[in-house]
S.K.: 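What follows is a single structure, and I will ask about it in a moment.
The basis for the numbers below is simple: all heavy atoms, side chains too, and nothing from hydrogens, waters or symmetry mates.
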Amino acid sequence: MAARNPGMKLDLEWVSRVRVNTQAVLKRAQQIQGQKIPKKQWQAAWLLKAVTCIDLTTLAGDDTPSNVHRLCLKAIQPVRHDLLHNMDMHNKGVTTAAVCVYPSRVADASKSLKAANSSLPIASVATGFPAGQTPLVTRLQEVRMAVSDGATEIDIVINRTLALTGQWEAMYQEICQFREACGDAHMKSILAIGELGTFTNVYKASLVAMMAGSDFIKTSTGKESVNATYPVAIVMVRAIRDYYLATGHKVGFKPAGGIRTAQESLVWLTLIKEELGTDWLGPHLFRLGASSLLADIERQLYHHVTGQYAAYHELPMA
């Protein structure tokens with residue numbers, strides 16, 4: 001992860017000045033999607049880069065210690081060893097960026113990773129995920145519990161009510177309290193963009209979350225009807241860029257929800273490279289929140305190495 005974002009005093013004047021040009025955002029998103037995707041070995045290299053940026057996630061009601069254990073093993077060895085060997089990448093330490101689980105499963109993930117002698121980061125979704133509608137005291141306690149069980153990254157959810165009603169000061173104060181509860185853990189703030197209404201609101205929420213000390217801003221919980229979209233991402237990364245120009249501090253970006261294909265991961269990497277530059281092209285400042293994306297990337301890498309597509313049972317999935 002990049003250096004911690006120290007945050008700043010809430011600048012309500014900056015927040016109130018925000019206006020987003022919707023047509024320009026949509027046009028730019030179209031341009032990004034229309035770009036040519038790299039082929040052959042260049043595509044394989046970009047796909048491996050995408051693997052190292054994945055927060056491999058399981059957030060299901062039927063999560064058990066055994067499927068969290070399986071997730072951890074897959075995160076440590078995300079691509080079959082023989083495929084990596086063929087690409088001369090077997091000794092380059094290719095893992096996913098982190099595993100992401102519910103707070104009650106952090107201890108399971110920690111136990112599995114320790115047993116495998118891995119220092120892979122554990123991210124946990126806290127603060128009343130996904131709706132954030134539980135009392136503040138409960139949400140703060142959840143953060144502290146996840147950290148004490150071994151989470152080194154906390155994905156918090158913002159209070160959408162405060163964003164929708166323009167209570168930016170209250171939202172700022174709340175996120176500052178989450179920041180404090182995180183202690184040494186890095187904090188990613190989930191904006192749940194599908195529930196924020198307008199691009200201007202998304203930009204303002206991004207700004208307030210960064211001012212309150214978020215190390216990353218994240219699009220979605222994956223549980224809303226609208227999740228990570230390219231237009232929203234452009235609004236968020238431009239907020240990140242403006243925050244960097246104003247403060248000199250780099251905040252990371254994490255799209256999550258509905259990202260399932262290798263092709264999509266390449267579009268996301270292109271967007272980051274063009275909008276924020278190569279400094280952001282790594283797990284310290286860019287993450288992909290996904291549960292099924294890795295399977296398709298590994299399938300494409302299998303095709304790159306062998307010239308044919310694997311049957312699904314040939315690639316062990318988390």
S.K.: Are the side chain of H304 and the backbone N or O of R299 linked by a donor-acceptor pair below 3.5 Å?
M.R.: no
S.K.: Only counting residues at least two apart or in another chain, list the ones meeting ring-ring contact (aromatic ring centres under 6.0 Å, His included) with Y172.
M.R.: none
S.K.: Share the residues that join M1 in a hydrophobic cluster, the rule being Ile, Leu, Val, Met, Phe, Trp or Tyr side chains under 4.5 Å apart at the heavy-atom level.
M.R.: F216
S.K.: Could you tell me whether the side chain of Q35 and the main chain of T270 form a donor-acceptor pair under 3.5 Å?
M.R.: no
S.K.: Mark yes or no for whether S220, through its side chain, and G222, through its backbone, hold a donor-acceptor pair below 3.5 Å.
M.R.: no
S.K.: Do any N or O atoms from the side chain of Q43 and from the backbone of P38 form a donor-acceptor pair under 3.5 angstrom?
M.R.: yes
S.K.: Looking at A2, is its backbone amide N or carbonyl O close enough to the side chain of H186 to form a donor-acceptor pair, meaning the two atoms are under 3.5 Å apart?
M.R.: yes
S.K.: Report the distance from atom CD of Q133 to atom CG of N159, rounding to the nearest 0.5 Å.
M.R.: 6.5 Å
S.K.: If the condition is salt bridge (Lys or Arg N to Asp or Glu O under 4.0 Å), which residues does R19 pass it with, not counting sequence neighbours?
M.R.: none
S.K.: Side chain of R4, backbone of G213: donor and acceptor closer than 3.5 Å?
M.R.: no
S.K.: Assess whether side-chain contact (heavy atoms from CB on, under 4.5 Å) is satisfied between H85 and N91, documenting all intermediate values.
M.R.: CA-CA 8 Å; H85 202 280; N91 55 0; over 6 Å; no
S.K.: By the salt bridge (Lys or Arg N to Asp or Glu O under 4.0 Å) test, which pairs, at least two apart or in different chains, include something from residues 91-107?
M.R.: R105-D108
S.K.: With sequence neighbours excluded, give me every side-chain hydrogen bond (donor to acceptor under 3.5 Å, both in side chains) pair touching residues 187-201.
M.R.: D55-K188, E153-K188, D155-K188, R160-E195, S189-S214
S.K.: According to the interplanar angle, ranging from 0 to 90°, do the rings of Y244 and W280 count as parallel (below 30°), tilted (30 to 60°) or perpendicular (above 60°)?
M.R.: perpendicular
S.K.: Give the ring-plane orientation class for F253 versus F286, where under 30° counts as parallel, over 60° as perpendicular and anything between as tilted.
M.R.: parallel
S.K.: Between R17 and E13 (salt bridge meaning N to carboxylate O under 4.0 Å), is one present in this structure?
M.R.: yes
S.K.: For R238, check salt bridge (Lys or Arg N to Asp or Glu O under 4.0 Å) against everything at least two apart and list the hits.
M.R.: E275
S.K.: Ring-plane angle category for F129 and Y102, please: parallel below 30°, perpendicular beyond 60°, tilted otherwise.
M.R.: perpendicular
S.K.: Identify whether the distance between the nearest side-chain nitrogen and carboxylate oxygen of R179 and D215 falls below 4.0 Å.
M.R.: yes
S.K.: Which residue pairs satisfy the salt bridge (Lys or Arg N to Asp or Glu O under 4.0 Å) criterion with at least one member in residues 134-146, sequence neighbours excluded?
M.R.: R139-E174
S.K.: Starting at CD1 of I297, measure out to CD of Q263 and round the result to the nearest 0.5 Å.
M.R.: 11.5 Å
S.K.: Between the main-chain N or O of Y309 and the side-chain N or O of H303, is there a donor-acceptor pair closer than 3.5 Å?
M.R.: no
S.K.: Can you pull the side-chain hydrogen bond (donor to acceptor under 3.5 Å, both in side chains) pairs that have at least one residue in residues 117-132, sequence neighbours excluded?
M.R.: none
S.K.: With sequence neighbours left out, what residues match F199 under ring-ring contact (aromatic ring centres under 6.0 Å, His included)?
M.R.: none
S.K.: Could you grab the distance from atom CD of Q77 to atom CG of L84, nearest 0.5 Å is fine?
M.R.: 6.0 Å
S.K.: Quick one: pull up OG1 in T58 and CZ in R70 and give me the separation to the nearest 0.5 Å.
M.R.: 9.0 Å
S.K.: Mind checking side-chain hydrogen bond (donor to acceptor under 3.5 Å, both in side chains) for Y203 and listing every partner two or more places apart, or none if nothing turns up?
M.R.: D242
S.K.: Please round to the nearest 0.5 Å and tell me the distance separating atom CD1 of I76 and atom CG of L56.
M.R.: 11.0 Å
S.K.: Give a yes or no on whether the backbone of A60 and the side-chain of D63 come within a donor-acceptor separation of less than 3.5 Å.
M.R.: yes
S.K.: When you measure from the side chain of T219 to the backbone of A256, do you find a donor-acceptor pair of N or O atoms at a distance under 3.5 Å?
M.R.: yes
S.K.: Who are the salt bridge (Lys or Arg N to Asp or Glu O under 4.0 Å) partners of E274, not counting sequence neighbours?
M.R.: R28
S.K.: Does some side-chain heavy atom of S110 sit less than 4.5 Å from a side-chain heavy atom of I122?
M.R.: yes
S.K.: Check salt bridge (Lys or Arg N to Asp or Glu O under 4.0 Å) between K204 and all other residues, then give those that pass, not counting sequence neighbours.
M.R.: none
